[in-house]
2 protein chains.
Amino acid sequence: MTVVLKNPKGKVTVKMRAGGAEQGSGDGEKRGRKASKETRRQQLIEATIDSLAKRGYSDTTLADVADGAGLSRGIVNFHFESKENLLVATLQFMSEEYGDHWNSALEKAGPSVASRLWAIVHADFDRKICTKRKLAAWCAFWGEAKSRPTYQALCGARDVKYQETVIALCADLKAEGGYDYEPEPMALSLCAMLEGLWLRLMMGDGTTREKALEAAIAFVVVVFPRHLTLQGPKPQ
Amino acid sequence: MTVVLKNPKGKVTVKMRAGGAEQGSGDGEKRGRKASKETRRQQLIEATIDSLAKRGYSDTTLADVADGAGLSRGIVNFHFESKENLLVATLQFMSEEYGDHWNSALEKAGPSVASRLWAIVHADFDRKICTKRKLAAWCAFWGEAKSRPTYQALCGARDVKYQETVIALCADLKAEGGYDYEPEPMALSLCAMLEGLWLRLMMGDGTTREKALEAAIAFVVVVFPRHLTLQGPKPQ
DNA sequence: AGATACTTGCTGAATGATCATTCAGAATAT
DNA sequence: ATATTCTGAATGATCATTCAGCAAGTATCT
């Protein structure tokens, strides 16, 4: 919906979007013509995630993104030069948001290794990260990643840091608790399971966020029974 | 590479593909003009998997598929009516092949529940199923599944039967061995982990088939220590 | 304050490239 | 001769990209 107002002189003076698509950054940001370059880029990235989620990678068009942002057809090439750039920027944004999220979850966690593992597993199923919309966008990129080195690098960067962290946590728990398996395979299976649960959530079979979290918890509790219970990390 | 032969009258009589792309069904099948409808369809499905693996879903074109099969441009619409039909048939084929594979692995397995679980986990990493090429094709479909009900149904069908089987195996092991966790979440986390490992294999980070299998084994051994060891199922 | 020129953000019609689909007719089999 | 399988040029649809021009904001001058 577009609102067009006319001033007393009869000239068009305001032409901006009304309604619910305002997904830019901070609330104080200016809209319409006044929006800053960064705000506009973020707005287009959000519209891209919407489009990826709604129509999938291969049906995402610049026209759909522009419509979703309530702007004109040429807008993406104006701000991003090309469709490819927009998609890379979108993946970059999601990748950073994901990384920031689990890092801050680790910082907020208690000092014990057990509570840190508990926190990082829960972070993956947090409402901020784990929405239908974003999972669908992730999956769209995964589907293209193998044939596009740029996507592969960005998805890979996401995983490497995460997995190293999980390996370290598993190694620390082993040192503390006397488990007798290797940290690397254990961490790999844990990370793979978390991604697999995301995949399930996207695919929309019966799996819900609650069931997925329950399954993830069941896993880590069985693997580290001396440190974790179904109710949470044991006090050291 | 295309071979063109001329008969004594100077007319072109044979025009068929030479080389290594002959991935159709049985060896006795005829080639060239003589190929049966089913052979031709299978040949095109294999070329589709190749194209999906090489170029990804969004860059897979009918021209590329036809080239890959060594046939002309209109061939797909002749045998499948539309691109969409070809892709659905391809997914159907992969889905059936996958299902047949783990079902026959279960049949070949020993009678004990432990050896059946062992077999089904190994089946996922068998060289016949778990190739770069096929994993990439699966991933391409997953990426589009959320916005295409047909794909979603076919991918879902793949999973539901599998997961029910795994739940039953987990429940039987629990009954036998006195483990105290619920079969459903445990089976879900196991299935999710197997899919997640496939995802890793496709993405081409350092994960190899051997490491993936090792991680999967580490998991089930930890979960069912009374029935499984790293070397295989325990004799009952 | 008002007028003027200049900058920046944005628009949307036009362009050209890519690609699925069609189909008339050629090649081959029966 | 007739039916079947296949070809490849033509067609039309979709879509990314371009760009001339408009509108809003800002600086400078009177």
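Letters A, B, ... mirror the listed sequences (proteins, then strands); counts begin at 1. This is a predicted model, so every value here is computed, not measured.
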Take atom [atom1] of [X] and atom [atom2] of [N], then tell me their distance rounded to the nearest Å.
X	N	atom1	atom2	result
A/Asn85	D/dT18	CG	C1'	16 Å
A/Asn77	C/dT15	CG	C1'	13 Å
A/Ile75	C/dT8	CD1	C1'	12 Å
B/Arg73	C/dT18	CZ	P	13 Å
A/Phe78	D/dA20	CZ	C1'	14 Å
B/Lys83	C/dC19	NZ	P	8 Å
B/Leu71	D/dC6	CG	P	7 Å
A/Phe80	D/dT18	CZ	P	16 Å

> With nearest nucleotides of DNA chain D determined for A/Ser58 and A/Glu81 from heavy-atom distances, which residue corresponds to the more 5′ nucleotide?
Replying inline: A/Ser58

> How many angstroms lie between CG in A/Leu71 and CZ in A/Arg40, if you round to the nearest 0.5 Å?
Replying inline: 4.5 Å

> Is the shortest heavy-atom distance from the side chain of A/Val166 to the side chain of A/Tyr162 under 4.5 Å?
Replying inline: yes

> Taking the six-membered ring for Trp, is the centroid-to-centroid distance between B/Tyr57 and A/Trp142 below 6.0 Å?
Replying inline: no

>> Given C/dT21, D/dG8, D/dA16, identify the nucleotide with an atom nearest to the side chain of B/Ser82.
In response: C/dT21

>> Please pick, from C/dC10, C/dA20, D/dC6, the nucleotide with the shortest atom-to-atom distance to any side-chain atom of A/Arg40.
In response: C/dC10

>> Can you tell me if B/Lys37 touches the phosphate of D/dT5, counting only side-chain N or O atoms and a distance under 4.0 Å to OP1 or OP2?
In response: yes

>> Between B/Arg148 and A/Ser58, is there a side-chain donor-acceptor contact under 3.5 Å, judged purely by atom types and distance?
In response: yes

